[in-house]
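To start, the structure itself, in structure tokens.
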Amino acid sequence: MPETSAPQIHAVRSSDHAAIARLPWHLPLGDWPQDFLGGLPRGISRHVVRFVEIGEEVLAIKETDDRRALREFDILGVLGNLAVPTVEPRAYVTNRSTASATDLPGALLTAYLDFSLPYRALFSRALAEDTTGRLVDALAVLLARLHLVGFYWGDVSLSNTLFRRDADAYAAYVVDAETGELHDQLSDGQRQMDLRIARTNIAGDFLDLQAAGLIDSAVDPLAAGERLFEAYNGLWTELTRVEEFSVNERWRIDERIRRLNDLGFDLGELTVTTDLDGVSLLVEPKVVEPNHHSRRLLRLTGIGANENQARTMLNDLDSHRSAPGFTGGAHGSGELPVELDEGEAARLWLDEVYKPLISAIPENLTHKLEPGQIFYEFVEHRRVMSFARQRDIPTMEAIAYFIVDYLANLPDEALYVDSQKF
């Protein structure tokens with residue numbers, strides 16, 4: 001009888017190794033006994049894919065050749081380190097063979113993404129209106145994130161993506177990266193090639209849904225591909241556009257940051273260059289981990305706030321950091337920005353913006369909102385005023401209008417909550 005060698009298992013966590021080794025690697029994945037498998041929904045794939053329980057979690061196993069298993073394992077790891085939404089690689093298996101020494105493909109193991117579904121499973125249940133558009137928009141955002149970090153996907157499709165519900169929208173995650181390539185930066189030609197592939201594949205995905213009777217035959221598959229093309233191009237322009245501002249138009253910088261936030265991107269870097277005529281602003285968006293803003297705000301200022309409140313405060317801090325005169329000098333003096341370290345900028349922001357706002361609130365209005373929400377509402381009120389008047393509003397002037405015109409007219413939320421206690 002021919003001798004067979006043991007499969008080579010390369011696991012991220014040593015604790016997973018023994019459990020993975022007990023799986024029936026001598027059998028083709030499609031022939032594994034049901035005792036080993038989970039019944040989670042699977043999307044369409046060129047490979048055999050199955051789910052297994054390892055300890056208290058579920059892993060997805062994809063059968064592929066040894067070289068591709070290693071390559072995709074490495075790519076998914078790099079994308080995860082770059083904070084791109086993707087499934088988490090856990091292990092890859094090589095050197096597989098049957099009991100009769102017939103070679104078998106290798107395998108890639110990834111962690112199952114909780115609460116995620118392939119696109120076909122989404123269309124097999126009751127859905128909100130315009131699910132088609134929301135899935136395509138989520139894929140456009142994911143593709144932009146991948147291109148920002150230099151990843152050429154090469155096979156963009158709904159089939160290679162998992163989706164999670166995100167309030168009234170969806171978040172998209174890379175689930176199949178075997179055709180991808182990582183570069184320092186993508187050329188316009190590489191990005192456009194990914195888009196052309198996406199348009200073709202998405203049309204095919206929706207034709208498949210129609211053939212299965214999961215969407216109305218009146219839906220235009222080509223229109224879905226065009227929507228992705230338009231959504232991606234609009235997003236890419238907003239993310240990479242360089243704008244020039246006058247030194248007295250900081251409110252326009254605030255508007256740019258707000259638009260990026262509304263698109264789901266956070267400000268990673270704000271580079272300000274000056275010349276005789278004005279200020280040129282370069283925005284490089286960066287995706288950050290959950291609660292990043294709350295942790296950063298607490299570290300810099302000692303203020304505890306919810307994530308979106310913290311993001312608003314940090315954006316305001318960063319915006320003030322680049323403003324003329326924000327070094328203890330008078331705002332609006334025409335002085336050029338001086339680069340400050342984060343700690344010093346945070347101290348000045350506390351003294352010049354946050355503390356004056358909180359201390360200016362009369363005692364009888366302190367129960368209106370919690371401090372973090374007060375600051376968020378203040379920034380929104382100041383933004384609307386600046387837009388209406390087409391100028392920056394000095395901090396103390398903005399505070400005065402905010403208290404009289406807005407805060408005083410709100411119900412007392414703290415008192416309302418207290419009144420509900422038994």
Side-chain angles (χ1 to χ4, degrees), residues 245-258 260-261 266-267 269-270 272 279 281 283 292-363 365-366 368-408 410:
F245 302 102
S246 163
V247 293
N248 295 317
E249 292 182 312
R250 187 173 57 80
W251 64 274
R252 291 183 60 194
I253 299 175
D254 294 340
E255 285 295 309
R256 180 69 187 278
I257 294 172
R258 178 183 173 82
L260 286 171
N261 292 161
D266 297 310
L267 192 65
E269 183 177 342
L270 183 65
V272 179
V279 177
L281 173 68
V283 177
H292 165 88
H293 303 93
S294 295
R295 293 195 297 271
R296 181 183 169 216
L297 181 70
L298 187 64
R299 172 175 59 82
L300 288 174
T301 67
I303 297 172
N306 295 328
E307 180 70 359
N308 289 332
Q309 296 167 351
R311 183 171 68 180
T312 297
M313 294 184 195
L314 290 169
N315 283 342
D316 195 69
L317 191 162
D318 289 338
S319 177
H320 275 76
R321 187 179 178 185
S322 66
F326 183 62
T327 56
H331 285 270
S333 65
E335 301 172 27
L336 295 179
V338 177
E339 186 68 22
L340 298 175
D341 65 68
E342 270 194 334
E344 180 64 12
R347 185 187 66 78
L348 287 170
W349 176 82
L350 279 169
D351 291 342
E352 297 183 17
V353 183
Y354 183 80
K355 289 180 180 178
L357 168 64
I358 300 303
S359 62
I361 297 171
E363 177 67 26
L365 299 182
T366 56
K368 296 290 185 179
L369 299 168
E370 61 178 326
Q373 190 63 25
I374 283 177
F375 192 87
Y376 169 78
E377 300 291 350
F378 165 71
V379 169
E380 285 294 293
H381 191 267
R382 185 185 63 192
R383 181 184 67 82
V384 172
M385 287 182 62
S386 293
F387 189 81
R389 304 184 186 192
Q390 295 291 289
R391 66 176 176 87
D392 281 343
I393 308 297
T395 298
M396 296 312 297
E397 178 185 349
I399 289 173
Y401 277 106
F402 170 71
I403 291 174
V404 173
D405 294 343
Y406 185 80
L407 190 62
L410 294 178

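Quick note: residue numbers are just sequence positions, from 1.
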Value rounded to 0.5 Å, distance of CG in Leu317 from OG1 in Thr301: 8.0 Å
Nearest-0.5 Å distance, CZ of residue Phe378 to CG of residue Leu369: 14.0 Å
Between CZ on residue Arg347 and NZ on residue Lys355, distance to nearest 0.5 Å: 9.0 Å
Backbone of Glu363 reached by a side-chain donor or acceptor of Thr366 within 3.5 Å: yes
Between CD1 on residue Ile399 and NE2 on residue His381, distance to nearest 0.5 Å: 12.0 Å
Ala305 to Ala310 - nearest heavy-atom pair and separation: CB-N, 4.1 Å
Rounded distance (nearest 0.5 Å) linking atom CH2 of Trp251 with atom CZ of Arg382: 13.5 Å
Closest non-hydrogen atom pair between Ile403 and Pro362, with its separation: CG2-CD, 4.0 Å
Distance in Å, Phe402 CZ paired with Leu357 CG, rounded so as to fall on 0.5 Å steps: 6.5 Å
Atom of Leu350, atom of Pro356 and distance for their closest heavy-atom approach: O-CD, 3.6 Å
Flag if over 12 foreign heavy atoms under 6.0 Å of OH, Tyr376: no
Heavy-atom check, side chain of Arg311 versus side chain of Asn315, under 4.5 Å: yes
CA sep, side-chain torsions, deciding dist, call: Thr395, Glu352, side-chain contact (heavy atoms from CB on, under 4.5 Å): CA-CA 8 Å; Thr395 298; Glu352 297 183 17; over 6 Å; no
Geometric class of the Phe375/Trp349 ring pair [parallel <30°, tilted 30-60°, perpendicular >60°]: perpendicular
Non-hydrogen atoms of Gly304 and Leu298 that approach each other most closely: N-CD1, 4.1 Å
Any Leu407 side-chain heavy atom under 4.5 Å of Glu377 side chain: no
